[in-house]
Number of protein chains: 2
Amino acid sequence: MASIGKVEMKPASGSAETIRADGLRIISDPVRGSAWICAQLRQAILEGAYAHGEKLPAERQLAQAYGASRTTIRAALGQLEQERLLTRRVGSGTFVNFRAPSDAEDIAEQTSPIELIEVRLAVEPHMVRLAVLNATARDIDRLAEALARMQTGSRDAEAFTEFDEQFHQLIAEASRNPLMLWLYRQINQVRGHSQWNQMKDKVLTGQRIAEYNEQHRALFDAIRSRDVEGAVAIVTNHLYYARRQLLGADAA
Amino acid sequence: MASIGKVEMKPASGSAETIRADGLRIISDPVRGSAWICAQLRQAILEGAYAHGEKLPAERQLAQAYGASRTTIRAALGQLEQERLLTRRVGSGTFVNFRAPSDAEDIAEQTSPIELIEVRLAVEPHMVRLAVLNATARDIDRLAEALARMQTGSRDAEAFTEFDEQFHQLIAEASRNPLMLWLYRQINQVRGHSQWNQMKDKVLTGQRIAEYNEQHRALFDAIRSRDVEGAVAIVTNHLYYARRQLLGADAA
DNA sequence: CGGAATGGGACCAAACTTAGATCATGCGCT
DNA sequence: AGCGCATGATCTAAGTTTGGTCCCATTCCG
């Protein structure tokens, strides 16, 4: 594997830099400083050389690769982290946090978070209705698992969004309607690319995550007990609630 | 393609890295670890290297194959299981749970007319609501034209279906929500390919076409007069009506 | 000179990996 | 049914990797 792209390119020798010998032409660019390394990495990320979520080489390895000290590498990575292009986790590594618009649908760019909520408001209530009516015991087990994961592991907006997508997609599966599932997957894809991602950090405070978790719990209980109207009401309110907060964030 | 690329590192073991004198060129495996193994397996599955339901090698064998510990392999498999790409059964093995990506046409074949109606029942009421709220005068003009065409030229089931799709898509446009419009186009595409086409001749009798036309007329009037609840009620009944007839046709 | 950036090293705590042992389950065979 | 075996699930203990932090010497540049 790794046949694709994963080769090539040296971080050094970007443009005609450091003409040794005579030392004229020294002008050059920021030669191999943290700023230069930062620019190289940023370009690589923005060009999609690294997939979203992919792990970068460890700092010590990058240092060796770029022929720089770890301090310098850390300065560059720190800058990129501030730009929200990277996420760093102790003991784990440094990860890319940028989705290349390569596979992003045009439609995602044109869709505002409000419009996305409107569409979900159209689809999800009836989807939940079908889910309550058609969910198998296995579906409900899966929902329970997802709910447990969500309530234990959703400390930040990033993780919560991911779990939230999983949860709602499981409901889509529980509807046992292939077209409905396909449709919701499309919506989820848009959701992953939309401008929502740029504002969710501001909207999803810790308290709101807790509130959403409560609503998810209530929705699950309604589905499990086959309470059609209750489930529909909960998901409808859930989305109205989210829309209200989006409108508030817009105003702010 | 002499672009800036990713820096490839090698793990501590394995092949010697090759650092060139002039610059640096780093080779070798991208950081093996559970995340990397997970990515490898995911790509293999998504590429169809494993058929749906096929059994993967046992964990102990995978561990040996990847030169990693069983714990690491299990971490990767666990991630893929969470992504619902795998299913694991004690005593049996690990199995692929992924079907070749369904495009619109595949989905259409898997979708029964009833399921299609269910999805439309989910989407269209709220879509109509948005349309009533957001339709421009131009939108309403276009709807009027389509309605006129439909009522004059819909003698057979074929022609009526075409006009009907146009009419509903115009409503989607009137919602002024690009995602909604895109979504409805997808639905319409499925509609064009589905098994519906094979039974519509039997369902769409001349009388029923006339009834549908009446309903369309009423829906248009409601939209034009900005009667939100009225329009929603009409389209909902319209679809329930169609569903009832489909169920009748199924029974027959 | 003096400040800023860089290099190089040490140490820490968190997360990950490894290597086992043991258990529980399901399958195939007699 | 009973048995043996392969497989996934779980646990423990230790080792390794990794980003976070601090310190100090060196280099670069005004």
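Numbered from 1 within each chain, the chains take letters A, B, ... in sequence-line order. Every heavy atom of this structure was used, including side-chain atoms; hydrogens, water molecules and symmetry mates were not.
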Next on the checklist: So if I define the base as every atom that isn't primed, P, OP1 or OP2, how would nucleotides 6-13 of chain D read as a B/S/- string at a heavy-atom cutoff under 4.0 Å?
Outcome noted: -BBBB---

Compare all side-chain heavy atoms of [X] with those of [Y] and state whether any distance is below 4.5 angstrom.
X: A/Arg176; Y: A/Thr136; result: yes
X: A/Arg191; Y: A/Asp164; result: yes
X: B/His52; Y: B/Asn97; result: yes
X: B/Leu41; Y: B/Leu85; result: no

Checklist entry - Over its full length, what angle do the end axes of the helix from C/dC1-D/dG30 to C/dT30-D/dA1 make, each axis taken from five pairs and the result rounded to 10 degrees? => result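 Rounded to the nearest 10 degrees, the bend comes out at 40°.
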
Checklist entry - Roughly how many Å is it from CH2 in A/Trp36 to C1' in C/dT6, rounded to a whole number? => result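 In whole Å, C/dT6 C1' lies 16 Å from A/Trp36 CH2.
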
Checklist entry - Please give, in whole Å, the distance from C/dC16 P to B/Ile73 CD1? => result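 Going from CD1 in B/Ile73 over to P in C/dC16 covers 16 Å.
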
Next on the checklist: Using 30° and 60° as the class boundaries, would you call the ring planes of A/Tyr241 and A/Tyr212 parallel, tilted or perpendicular?
Outcome noted: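 Plane angle over 60°, so perpendicular.
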
Checklist entry - What's the shortest heavy-atom distance between B/Val96 and B/Leu86, and which atoms? => result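 Looking at all heavy atoms of both residues, the closest pair is CA-CD2, 3.9 Å.
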
Checklist entry - Is the number of heavy atoms from other residues, nucleotides or ligands within 6.0 Å of CZ (A/Arg84) greater than 12? => result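 Atom CZ in A/Arg84 is not crowded, with 12 or fewer foreign heavy atoms closer than 6.0 Å.
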
Next on the checklist: C/dT18, OP1 or OP2 - any side-chain N/O from B/Thr72 closer than 4.0 Å?
Outcome noted: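 Result: yes.
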
Next on the checklist: Need one value for B/Ala75: base, sugar-phosphate or nothing, where a base atom within 4.0 Å counts as base even if backbone is also close, heavy atoms only.
Outcome noted: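 Answer is nothing: B/Ala75 stays at 4.0 Å or more from every strand.
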
Next on the checklist: Apply side chain to side chain contact (heavy atoms under 4.5 Å, CB included) to residues A/Gln169 and A/Glu165 and explain how you reach the verdict.
Outcome noted: CA-CA 6 Å; A/Gln169 175 153 326; A/Glu165 284 185 15; over 6 Å; no

